[in-house]
Amino acid sequence: MFTACALLAVVLTIGTAAPVFAADEPTFEAGFAKQDITPPVGMPMWGYGDRHADLSEGVLDPLWARAVVLRAGDDKLALVGTDLGRGPTIAMMEVIRDRLRSEAGIEHVIISGSHSHHGPVIELTDRPGYGAGKFDVAVQYAKELPGKLIDLILAADAQLQPARLGVGIKNVALNRNRHTKRQPKSTEPMLAVVRFDATDGSPICVLVNFAAHPTMIESKILKYSADYPGAMHKAIADELGIESMFMQGAAGDQSANPPQGTSGHEQFGAVLGREVAEIARSIETAVPAEPSIVGQVDRFTFGSRIDFNNPWIEVAYGRAFFPELIKNFAEEMKGGVPAELNTVVLNGEIALVSGSGEYFCNHSNRLKERSYLPHTLFFGYANGHNLYFPTIEAVSEGGYGADPPVSPVELGAGEQMMNQALINIYTLTGQIAPPPRVPSGDAASATSD
């Protein structure tokens, strides 16, 4: 067995190894499922503006959604990683949450897109001018997607069994900062692996958290692909025979950084997958000493640096992408920039924080530095997509991802969200008293569940 020292990794054993549960104490359970969500050909593809409304022409490799459901006592958490460019829309999340709450008692839900730029557009809706009549294949796929994700999560819920877990962390030089010119360039080198095993030690799945844009395939290739995460899953299966899921990190300013002699999404994914396998081998899983799942959802409406009520703005965006997509996007943004923050603390020791957009890496880095839990993981592109959330200093530098056209959200919005996540972590773990929940100002307001 590889040791943590040999890996240059930090590996944490959570709880005690005894698989015997007292009758009056909550047990910890995990269940995994996956589902092919590859769309039919003939849909606009997500991510690259230069494609405009060009339709997909085939499949390089299938797109999947993978889910793990966790239960501690009466509380459940669903984590879903998809090979899509973004998390589900606000309307989709309402449907998903309502059904999961009523049918399975699942209160906490985080659904993240890997941010592949070779997935489908999922924003089109069944209204003339918004998709209907011109992109009916895409409209139908968007209608069916919530049901597919619900079925997937319910399938994982049906697989719940007493479980053990452990976390392994290793810093790797597999991403680079694509935005800043300032030296040294910030990155988020953390490759995190959460391993879930049955109580007899047999594997359930591994969850991988890493930050790098899956944009390694040229935009002119109009075929669906999971990009490097798909190759990563294959490598993990080849190395370990274990199911895996991928939760993208704060990749707003992070690109893949293939090692010398490595090129293309398949080779890079294989390198990443082998790193994951090495970490996973080193993890000693254990039953949590005090199983628990507690969470907080915060919804914000931030001011916008772009006036989406101006019809000429909508025309300009429509030319840059395509009109039907922009009509749906602008409709969501006319009252301000919405954003969702999820904070979940697992077993009192692992914080899982997610945001609905493309967060720059230092948002995640600084949150982890300020969180005193053994592990804090950040998931981007989750439960929505509200474009880029750059840091304040990134906005001062300017450039793609920091300028208003792709980052309309008000200055400092990401920092506000990370501060709220930190408050949530300390509140959920009982280290500070719950603060009063009031709007944070005229420019931004917050509500919580």
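The structure displayed is predicted, hence computed values, not measured ones. Numbers here simply count residues along the sequence, with the first being 1.
Gln254 places no side-chain N or O within donor-acceptor distance of the main-chain N or O of Ala212, the cut-off being under 3.5 Å. Between the side chain of Asp403 and the backbone N or O of Gly399 there is at least one donor-acceptor pair closer than 3.5 Å. Looking only at distances, no side-chain donor or acceptor of Asn347 sits under 3.5 Å from a matching main-chain atom of Glu349. Looking only at distances, a side-chain donor or acceptor of Ser282 sits under 3.5 Å from a matching main-chain atom of Ile279. Without hydrogens or angle criteria, Asn383 side chain to Ile111 main chain gives a donor-acceptor distance under 3.5 Å. Although no hydrogens or angles enter the test, the distance criterion places no donor-acceptor pair under 3.5 Å between the side chain of Glu275 and the main chain of Val172. Checked by atom type and distance alone, the side chain of Thr262 never pairs as donor or acceptor with a backbone atom of Pro258 at under 3.5 Å. For Ser304 (side chain) and Gly336 (main-chain N/O), no donor-acceptor pair under 3.5 Å exists by modelled atom type. No donor-acceptor pair under 3.5 Å is formed between the side chain of Gln431 and the backbone N or O of Tyr426. In terms of modelled atom types and a separation under 3.5 Å, the side chain of Asp253 and the main chain of Pro390 share no donor-acceptor contact.
Side chain to side chain, Gln140 and Glu144 meet the donor-acceptor criterion of an N or O pair below 3.5 Å. At a cut-off of 3.5 Å, with distance as the only test, no side-chain donor of His213 or Ser255 sits close to an acceptor on the other residue. Side-chain contact annotation: Ser186 with Asn177, donor-acceptor N/O pair under 3.5 Å present. Judged by distance alone, the side chains of Ser364 and Glu188 do bring a donor and an acceptor atom under 3.5 Å apart. Counting only N and O atoms by type, the side chains of Asp227 and Ser116 include no donor and acceptor under 3.5 Å apart. Between the side chains of Glu397 and Thr180, at least one donor N or O lies within less than 3.5 Å of an accepting N or O. Counting only N and O atoms by type, the side chains of Ser356 and Asn386 include a donor and acceptor under 3.5 Å apart. Looking only at atom types and distance, the side chain of Asp50 has a donor-acceptor partner in the side chain of Ser219 under 3.5 Å away.
Residue pairs meeting the salt bridge (charged side-chain N to carboxylate O under 4.0 Å, His left out) criterion with at least one partner in residues 312-324, sequence neighbours excluded, are Lys134-Glu324, Glu314-Lys327, Glu314-Lys334. Residues in residues 31-43 take part in these side chain to side chain donor-acceptor pair (under 3.5 Å) pairs, two or more places apart or across chains: Lys34-Glu243, Asp36-Thr38.
Shown are Ile110, Thr343, Leu422, Val345; of these, the side-chain contact (heavy atoms from CB on, under 4.5 Å) with Val353 is made only by Thr343. When the options Glu123, His118, His385 are evaluated for a side-chain hydrogen bond (donor to acceptor under 3.5 Å, both in side chains) with Trp46, the one that passes is Glu123.
Between Phe329 and Phe308, a ring centre-to-centre spacing shorter than 6.0 Å is recorded. Annotation: Tyr388 is not in aromatic contact with Tyr359 [ring centroid separation under 6.0 Å not met]. Separation of the Phe360 and His179 ring centroids falls under the 6.0 Å cut-off.
Remark: Gln260 CD is loosely packed, at most 12 non-hydrogen atoms of other residues, nucleotides or ligands lying under 6.0 Å away. The environment of NZ in Lys368 is crowded: more than 12 heavy-atom neighbours from other residues, nucleotides or ligands sit within 6.0 Å.
For the atom pair CG (Leu428) and CG (Leu373), the distance works out to 9.5 Å, reported to the nearest 0.5 Å. Here Phe378 contributes atom CZ and Ser112 contributes atom OG; the two are 9.5 Å apart, rounded to the nearest 0.5 Å. Note that CZ of Arg66 and CZ of Phe246 are 11.0 Å apart. Values are rounded to the nearest 0.5 Å.
Figure legend: cation-pi geometry between Arg51 and Tyr48 absent, as NZ or CZ is not positioned both under 6.0 Å from the six-membered ring centre and within 45° of its axis.
Salt bridge Arg127/Glu331: present, at least one basic N to carboxylate O contact under 4.0 Å.
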>> For a side-chain contact (heavy atoms from CB on, under 4.5 Å) check, start with the C-alpha distance between Leu341 and Phe300, then their side-chain angles and the critical distance, and finish with the verdict.
In response: CA-CA 8 Å; Leu341 171 74; Phe300 299 80; 4.0 Å; yes

